[in-house]
Protein chains: 2
Amino acid sequence: MANPSDGTARTVTIRDVAAAADVSIGTASKALNGRGRMRVETRDRVLAAAERLGFRPNPLAQGLLAGRTYTVGLVTGDSFGRFSIPVMLGAEDALGAGQISVFMCDTRDDPIRERHYVERLLARRVEGIIVTGRRTEPRPGIGRDLPVPVVYAMTQSTDDSDVSIIPDDEGGGALAARHLMATGRTRIGHVTGPQRFQAARRRAQGLTSALSSAGLSPAGEILYGQWSEEWGRQGADVLLHATPDVDAIFCGSDQIARGVAETLRERGRRVPEDVALVGFDNWEPMALGCRPPLTTVDMNLGEIGRLAARHLLDAIAGQPTTGGVTIVPASLVLRESTRRATP
Amino acid sequence: MANPSDGTARTVTIRDVAAAADVSIGTASKALNGRGRMRVETRDRVLAAAERLGFRPNPLAQGLLAGRTYTVGLVTGDSFGRFSIPVMLGAEDALGAGQISVFMCDTRDDPIRERHYVERLLARRVEGIIVTGRRTEPRPGIGRDLPVPVVYAMTQSTDDSDVSIIPDDEGGGALAARHLMATGRTRIGHVTGPQRFQAARRRAQGLTSALSSAGLSPAGEILYGQWSEEWGRQGADVLLHATPDVDAIFCGSDQIARGVAETLRERGRRVPEDVALVGFDNWEPMALGCRPPLTTVDMNLGEIGRLAARHLLDAIAGQPTTGGVTIVPASLVLRESTRRATP
DNA sequence: TTGAAAGCGCTAACAC
DNA sequence: GTGTTAGCGCTTTCAA
C-alpha cells in the first residue's frame with residue numbers, strides 16, 4: 001500500500017499528489033484538509049490521487065509550520081516497573097486518543113540520566129512531560145521554569161506548586177480496615193514496609209484512624225520492616241507471638257501478605273477462618289498465587305496515569321491547571337482471604 | 001535557563017542567535033555545527049550568544065532538511081509487561097546511545113489497535129519499528145512492504161524473511177538439565193505450561209535432549225498444564241505420585257516452580273536436599289520470594305532488546321541485515337534451590 | 001475556483 | 001571568512 005509498484009521506498013509528498021491530480025500544491029493542500037472552497041470534482045481528484053499514491057502528510061513539516069509537535073515525553077525512574085507501567089498505559093490511553101505520541105525515557109533512577117533525557121525531550125520540542133516513579137516520596141522536580149508543563153504521576157515533586165497525582169495510601173489503609181471490621185474482625189494487626197516510606201506511614205495511618213473511629217486500635221505494634229515476602233514471614237511470627245489472638249492482618253504490600261499467609265498456614269491458622277488477610281497493590285501474579293487468593297487494595301494506577309495525561313493536555317491547551325497534589329481514590333478487590341467469618 | 005528573564009516561553013531560533021551575535025543566519029549555523037572555516041572570535045561570539053539565549057536547534061527543522069526523524073517506534077502487545085519491559089530497556093539502551101528517541105505504543109494485543117499505531121508511526125516518519133510480544137509464538141507480521149525496517153523481538157513473524165530475535169528456550173532447557181545432572185541428579189521431572197506454547201515445547205525438548213545425551217530420560221511424563229502457581233502445586237502432586245523417587249524438578253516458569261516448591265514442602269520433601277528445583281524466567285520477585293530462593297534460567301531479555309535495536313540501526317544505516325531468526329543464548333542464575341546434594 | 005508566493009527553522013551550496 | 005540563496009514538505013494568505 002505504501003509503495004504500490006516499485007521497490008524504492010521514496011516517500012510521497014504533496015507535490016507528487018498535486019502533480020498526479022494536475023493541480024497546484026496549494027490546491028492539493030486545501031483539498032486534503034477540506035479547507036477553502038473548490039469544485040467537488042477537483043477535491044475528489046486530489047483525494048483519489050493521494051489515496052492511490054499512499055500519501056501521508058509529513059507531520060514534521062506540518063508541525064514546523066504550526067509550531068507544534070504533538071508529542072509529549074514520559075520519564076520514568078522505575079525502569080518501567082510494576083508501578084509505572086499501569087500509569088503509563090493510562091497516560092498513553094488519554095494521550096493517544098488525542099493523537100499525541102509519547103516518547104519514553106527510562107532514567108534508571110539516575111539524576112544524571114534524567115537531566116540528560118529532559119534536555120533531549122525539550123530539544124525535541126515535546127509539548128509536555130509526565131514524570132513517573134517507583135515511590136510516592138517527594139523528589140526534587142526535573143527543573144524550574146521549563147518551557148513546557150510537567151506533571152508528576154505516582155510520584156511527587158518537593159515543590160508544592162508542581163502538579164502531582166498520587167494514590168490514596170491513607171484512604172487505602174482505611175478501606176482495608178473498614179472492610180475487615182465489616183467482616184467481624186476486631187483484633188487487626190499490621191505488617192508493612194520500612195517506616196521511612198511515606199506510603200508505609202500513610203497506609204498505617206489510614207488503618208489506625210479507621211480503627212479508632214470504631215473505638216479500636218491496631219492489634220499489637222505496627223510492624224515496619226521490608227517490602228519483601230521474607231519480612232512478611234518474620235513479621236507474622238513476631239505478631240503471632242506478641243498478639244496470639246489476632247484475627248486479621250492488614251499488610252503493606254501483596255508480597256508481604258504472601259509471606260504472612262505462609263507463616264499463618266505453617267502455624268496452623270486458617271485464612272480467612274481464623275485470620276483474615278488484606279494486601280496492598282493488587283499485583284495479580286502475587287495476589288492470585290497466594291493461598292488463598294488475596295483481598296487487596298488497588299491504587300488505580302491506570303486512573304492516575306489518565307488523570308496525569310488529562311492535566312497535561314489541559315495545560316498544553318492553555319488551561320490554568322492549578323498546581324498542587326491530586327489524590328486518586330483506591331479501591332478494594334475482594335478475594336478469598338477475607339471471606340466473612342462464620343458467626 | 002530556558003528563558004532567562006521574562007515569563008514568555010517563546011522559543012529561541014537560530015535567527016535570534018544570529019542577530020545577537022551580529023552575523024548572518026548561515027554563519028550562525030556553521031558556527032553552531034563546527035562546519036566551515038571562520039574566525040575563532042566569530043565562532044565564539046555565536047556560541048556565546050546561543051548559550052546566553054538558551055538556543056536549542058529545532059530537530060523538526062533539522063530532520064525536515066535531512067529527511068530523517070531520528071525516531072523509531074516500539075510496538076508491544078504485552079501491555080509493557082514482564083517480558084517486553086526488559087526488552088524495551090535493552091532496546092532503549094542501544095537506541096538512546098545513538099540519539100534515537102523511541103515512540104512507545106501499546107496495542108493491548110488487539111490487531112486493530114496495532115494496525116492503527118503502525119499507521120501513526122509511519123505517518124510520523126519513524127525510521128524503523130521494533131515489535132515485541134508476550135509470547136515467542138510466530139505471529140502475522142505488521143505489514144508487508146513497509147517503507148521502514150521492522151524487527152521482531154521476543155516474538156516472531158510468520159514470515160521467515162522478517163528479522164526476529166528470540167530467546168533460546170531449548171538451550172535454556174538444556175542448561176537446566178545439565179546443571180541438575182552436574183549436581184548429581186538423575187531422576188529429573190518436568191512441570192511446565194500449556195503444550196500449545198512453542199516455548200513450553202522447546203524447553204521440554206531442550207531438557208529431553210540434554211538428558212538423553214547423558215543416557216537419561218525425564219522422570220515420568222512431561223506435565224503440561226498452565227503458567228500458574230496453582231498448576232505448579234497440582235503438577236508436583238501428580239509427579240510425586242507417579243514418580244516418588246524424583247530427585248529434581250525443572251519447571252517451565254518461576255511461577256510454576258513456586259507452586260511446586262510449596263507442594264514439596266508440604267509433602268515433606270526438602271529443597272534442595274531431597275529434590276532440586278530449577279525455574280525459568282528469573283522473575284526476581286518470584287524467584288527470590290520462593291523458599292528456598294530459586295535457581296532459574298534467565299532469557300537475557302535485555303540482550304534481546306539490544307540486539308533488536310542494533311539490527312534495526314544497521315538496517316536504517318542501509319546495512320544488508322539478512323532476514324531470519326536470531327536466537328539469544330539463555331543463562332542460568334544459581335540460587336539455593338539447587339545447592340549440590342551432599343554425597 | 002484555482003494558482004503563486006511567502007514562510008515555518010534549519011543547512012548546504014556557492015558567491016563575495 | 002562571511003553572507004546570500006535555495007530548498008526540505010507543508011499551510012496559508014492573497015491575486016488572478
Side-chain angles (χ1 to χ4, degrees), chain A residues 2 9-50 53-71 99 122-127 147, chain B residues 2 9-50 53-71 99 122-127 147:
Chain A
R10 204 180 72 75
T11 5
V12 180
T13 75
I14 197 171
R15 184 189 250 75
D16 303 320
V17 175
D22 198 32
V23 295
S24 77
I25 293 183
T27 304
S29 171
K30 273 178 274 188
L32 290 167
N33 296 293
R35 223 75 58 118
R37 248 169 263 294
M38 67 200 318
R39 281 218 310 269
V40 180
E41 191 273 328
T42 311
R43 187 182 303 278
D44 289 348
R45 192 147 38 86
V46 173
L47 293 178
L53 299 177
F55 170 74
R56 306 169 196 282
N58 184 331
L60 272 70
Q62 292 179 310
L64 181 55
L65 208 53
R68 300 196 52 181
T69 57
Y70 303 96
T71 59
Q99 293 285 85
L122 292 177
R124 282 212 180 266
R125 299 293 198 272
V126 294
E127 300 184 24
Chain B
R10 205 181 72 75
T11 8
V12 179
T13 75
I14 197 170
R15 185 189 249 76
D16 303 320
V17 175
D22 198 32
V23 294
S24 76
I25 294 184
T27 304
S29 172
K30 272 178 274 187
L32 290 167
N33 295 293
R35 225 73 59 116
R37 248 167 264 293
M38 67 200 317
R39 279 218 313 269
V40 180
E41 191 272 328
T42 311
R43 186 180 303 276
D44 289 349
R45 192 148 37 87
V46 172
L47 293 178
L53 299 177
F55 169 75
R56 306 168 196 282
N58 184 330
L60 274 68
Q62 291 179 312
L64 181 55
L65 205 55
R68 299 196 52 179
T69 57
Y70 302 98
T71 60
Q99 293 286 86
L122 292 177
R124 282 210 180 268
R125 299 293 196 273
V126 294
E127 300 184 25

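Sequence lines set the chain letters: A, B, ... in the order given, protein chains first and strands last, and positions in each chain run from 1. Because the structure is a prediction, the values reported are computed rather than measured.
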- Query: Base, backbone or nothing for each nucleotide of nucleotides 11-16 of chain D, written B, S, -, heavy atoms under 4.0 angstrom, 5' to 3'?
  - Reply: BB----
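Distance A/R15 CZ to D/dC10 C1': 10 Å, rounded to the nearest Å. Distance, B/N58 CG to D/dC8 P: 18 Å, rounded to whole Å. To the nearest angstrom, P of C/dG3 lies 17 Å from CZ of A/R37. Rounded to an integer number of Å, the gap from CG of B/L53 to C1' of C/dG9 is 15 Å. Distance, B/Y70 OH to D/dC8 P: 17 Å, rounded to whole Å. Counting to the nearest Å, the P atom of D/dG1 and the CG atom of B/D22 are 19 Å from each other. Atom CZ in B/R45 sits about 11 Å away from atom C1' in D/dT2, given to the nearest Å. One can place CZ of A/F55 at 8 Å from C1' of D/dG9, the figure rounded to the nearest angstrom.
Backbone-only engagement by A/R39 is indicated by non-hydrogen atom pairs under 4.0 Å involving sugar-phosphate atoms exclusively.
Heavy-atom distances to DNA chain D give each of B/R43 and B/L64 a nearest nucleotide, and the one nearer the 5′ end belongs to B/R43.
Between A/L32 and A/A50, the shortest heavy-atom contact is CD2-CB, 3.7 Å. When all heavy atoms are compared, the tightest approach of B/L60 to A/L64 is CD2-N, 4.1 Å. Heavy-atom minimum distance, A/R124 versus B/Q99: NH2-O, 3.6 Å.
Rounded to the nearest 0.5 angstrom, B/E127 CD and B/R68 CZ are separated by 4.0 Å.
Annotation for A/D22: atom CG does not count as buried by contact number, only 12 or fewer foreign heavy atoms lying within 6.0 Å.
Not counting sequence neighbours, the partners of B/R45 by the salt bridge (Lys or Arg N to Asp or Glu O under 4.0 Å) test are B/E41.
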